[in-house]
Undergrad: 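One structure is given below, represented as structure tokens, and several questions about it will come after.
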Amino acid sequence: MRDGGRVAAAIAVIQDMDERHKPVKLALKAWGDASRFAGAKDRAFVSGLVLDALRRRRSLSARMGGEGPRAAVLGALAFSWNWPTARIAEAAAEAPHGPGALTPEEVASLGGAPSEVAATDYPDWLEPHLARVFGENRAAEAAALSARAPIDLRVNRLKTDPVRALKALEPLRARPTGLMADALRIEAPGPADRAPPVEAIPEFGKGWFEVQDLGSQVAAAAAGEIRGQQVLDLCAGGGGKTLALAAAMGNTGQLYAYDADGRRLADTVRRAERAGVRNLQVRTPLRPDPLADLPGKMDLVFVDAPCTGSGTWRRHPDAKWRLTPAQLEKRMAEQDAVLEEAAKYVKPGGRIVYVTCSLLAEEDEDRVAAFLQGHPGFVTIDALEQIAASGQADIAALAERRTGGHFLRLTPLSASTDGFFVAVLRRAA
Ligand SMILES: C[S@@+](CC[C@H](N)C(=O)[O-])C[C@H]1O[C@@H](n2cnc3c(N)ncnc32)[C@H](O)[C@@H]1O
């Protein structure tokens, strides 16, 4: 495909999303299925351009003076990909597949000086929510949430060590992160480039490493020292945290993985086998009372709670435009329910780790406060001390991420991670 056809395809994908209220993943898949002629480079170009247009859709639209998909895509080419106007004009005018010649207004907007436009790249209704957490810094935090994200890997200590893993990942130029001993990072690919083929590295197949955001690795480390313990991963989902917890346990003690949605657990056994995990029981909700034997027995219940995902907007930029106040309310109710459930399984003296990948206080501090009010037998303990006890992190580098005394909040701007909130609660002995 030539550039004109690729740009037209990106516009069509966003149009499909807008008209049919489709998530970007499905719209891209629909285009890919209907475009057998498109090669891997074409697909990388189109998906990169669509995601970049969505990341900054509002500010790009404001600069272009238009709301539609075409304005967002042309704006992304100019202001995210730094294409000169002449190159955009040439691609747009390409016959027969380009999206059509630029209008004089578009040419003027594309050539405009870096603007005074103050449009923020999140929906208006979130303004007070982000102001509550970030105050004056919210625009800078939102800008960092609108950037491309790197690819982070977690070295699996059950199979290898960071030195050997780094050697295996040399072709992809991975490097240590400094923050977590077992975390490696591959910088975000260029806008139109294909994602680095991590899964094609033979050692990936041997379970040497997993793709996992650095913030997610920090959150898992808040489990603390868990060797030999009884641990329940209550919202195990696809198993990302489960495998991190398993690695920290070193195949000692017993790890249970559960999720209210049994389909989400489907891959966990296979992933655990690949990772060399031998102390995991997957408990499916498809059986009656799957956790009936666990109440009051867990040293640790890990709650990777359902949330709005506002901390992951770098990777899922369409999610921020689809989020509604009603969805936030729904997630808050689910968070209360899952914390209530978690409390049942904790033994006296045991802990709950509460994690969200949301930056909204309503899902974070407020849920912990609500839980504590109803459960006077629990207190918060310092998340950072727990992370220190895990022996995996550079605590000094995390000290400034402490919030509300005992909690931790990570953001793309402050920690170069996805956004995460972490709280640790201890049940009285
Ligand atoms: C943030 S995701 C978990 C991600 C996963 N831990 C990982 O690292 O890949 C939240 C999960 O919580 C599950 N969930 C929601 N309500 C639940 C409940 N009451 N009990 C257990 N799981 C629940 C959802 O099905 C979803 O898979």
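Note that the coordinates shown come from a computational prediction; the quantities given were computed from them, not determined experimentally. Start at 1 and go down the list; that is how both ligands and their atoms are numbered. Heads up: numbering here begins at 1 and tracks the sequence. As a basis for the values below, the full set of heavy atoms in this structure was taken, side chains included, without hydrogen atoms, waters or symmetry mates.
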Undergrad: Which option out of Ala260, Pro285, Ala219 puts a heavy atom nearest to atom 23 (C) of ligand 1?
TA: Ala260
Undergrad: Looking at Gly239, which atoms of ligand 1 are within less than 4.0 Å of one of its heavy atoms?
TA: 9 (O)
Undergrad: Between Ala337 and ligand 1, which part of the residue brings a heavy atom under 4.0 Å of the ligand: side chain, backbone, both or neither?
TA: neither
Undergrad: Of all the heavy-atom pairs spanning Gln212 and Gly240, show the shortest one and how long it is.
TA: NE2-O, 3.3 Å
Undergrad: Check whether Asp121 reaches the backbone of Leu145 with its side chain - one donor and one acceptor, N or O, closer than 3.5 Å.
TA: no
Undergrad: Of all the non-hydrogen atoms in the protein, which one sits nearest to atom 15 (C) of ligand 1, and at what distance?
TA: Pro306 CG, 3.5 Å
Undergrad: Do me a favour and list the nearest non-hydrogen protein atom to atom 9 (O) of ligand 1 with residue, atom name and distance?
TA: Gly240 N, 3.3 Å
Undergrad: With sequence neighbours left out, what residues match Val338 under side-chain contact (heavy atoms from CB on, under 4.5 Å)?
TA: Leu234, Cys235, Val303, Ala305, Pro306
Undergrad: Where is the nearest protein heavy atom to atom 26 (C) of ligand 1: which residue, which atom, and how far?
TA: Arg264 NH1, 3.1 Å
Undergrad: Of all the atoms in ligand 1, which lie at a distance below 4.0 Å from a heavy atom belonging to Tyr258?
TA: 21 (C)
Undergrad: Check each atom of ligand 1 against the heavy atoms of Leu234 and keep those under 4.0 Å away; list them by number with element.
TA: 21 (C), 22 (N)
Undergrad: For atom 4 (C) of ligand 1, tell me which residue out of Asp304, Val355, Asp259, Thr356 has the closest non-hydrogen atom.
TA: Asp304
Undergrad: Which atoms from ligand 1 have a heavy atom of Asp261 less than 4.0 Å away?
TA: 25 (O)
Undergrad: My understanding is that we take every heavy atom of each candidate and find the minimum distance to atom 1 (C) of ligand 1. Doing that for Ser358, Ala305, Cys307, Gly309, which one comes out nearest?
TA: Ala305
Undergrad: Does either side chain, that of Glu340 or that of His375, offer a donor lying less than 3.5 Å from an acceptor on the other one?
TA: yes
Undergrad: Is atom CZ of Arg278 surrounded by more than 12 heavy atoms (other residues, nucleotides or ligands) closer than 6.0 Å?
TA: no
Undergrad: Out of all atoms in ligand 1, which are within 4.0 Å of some heavy atom of Gly237? Include the element for each.
TA: 27 (O)
Undergrad: Give me the one residue out of Val422, Asp364, Thr356 that meets side chain to side chain contact (heavy atoms under 4.5 Å, CB included) with Arg409.
TA: Asp364
Undergrad: Would you please say whether a donor-acceptor pair under 3.5 Å links the side chains of Ser358 and Arg331?
TA: no
Undergrad: At a 4.0 Å threshold, what atoms of ligand 1 neighbour a non-hydrogen atom of Val338?
TA: 18 (C), 19 (N), 20 (N)
Undergrad: When you measure from the side chain of Arg56 to the backbone of Phe79, do you find a donor-acceptor pair of N or O atoms at a distance under 3.5 Å?
TA: yes
Undergrad: Looking only at protein heavy atoms, which one is nearest to atom 3 (C) of ligand 1, and what is the separation?
TA: Cys235 O, 3.2 Å
Undergrad: Using a 3.5 Å distance criterion without hydrogens, assess whether the side chain of Gln327 forms a donor-acceptor pair with backbone atoms of Thr324.
TA: yes
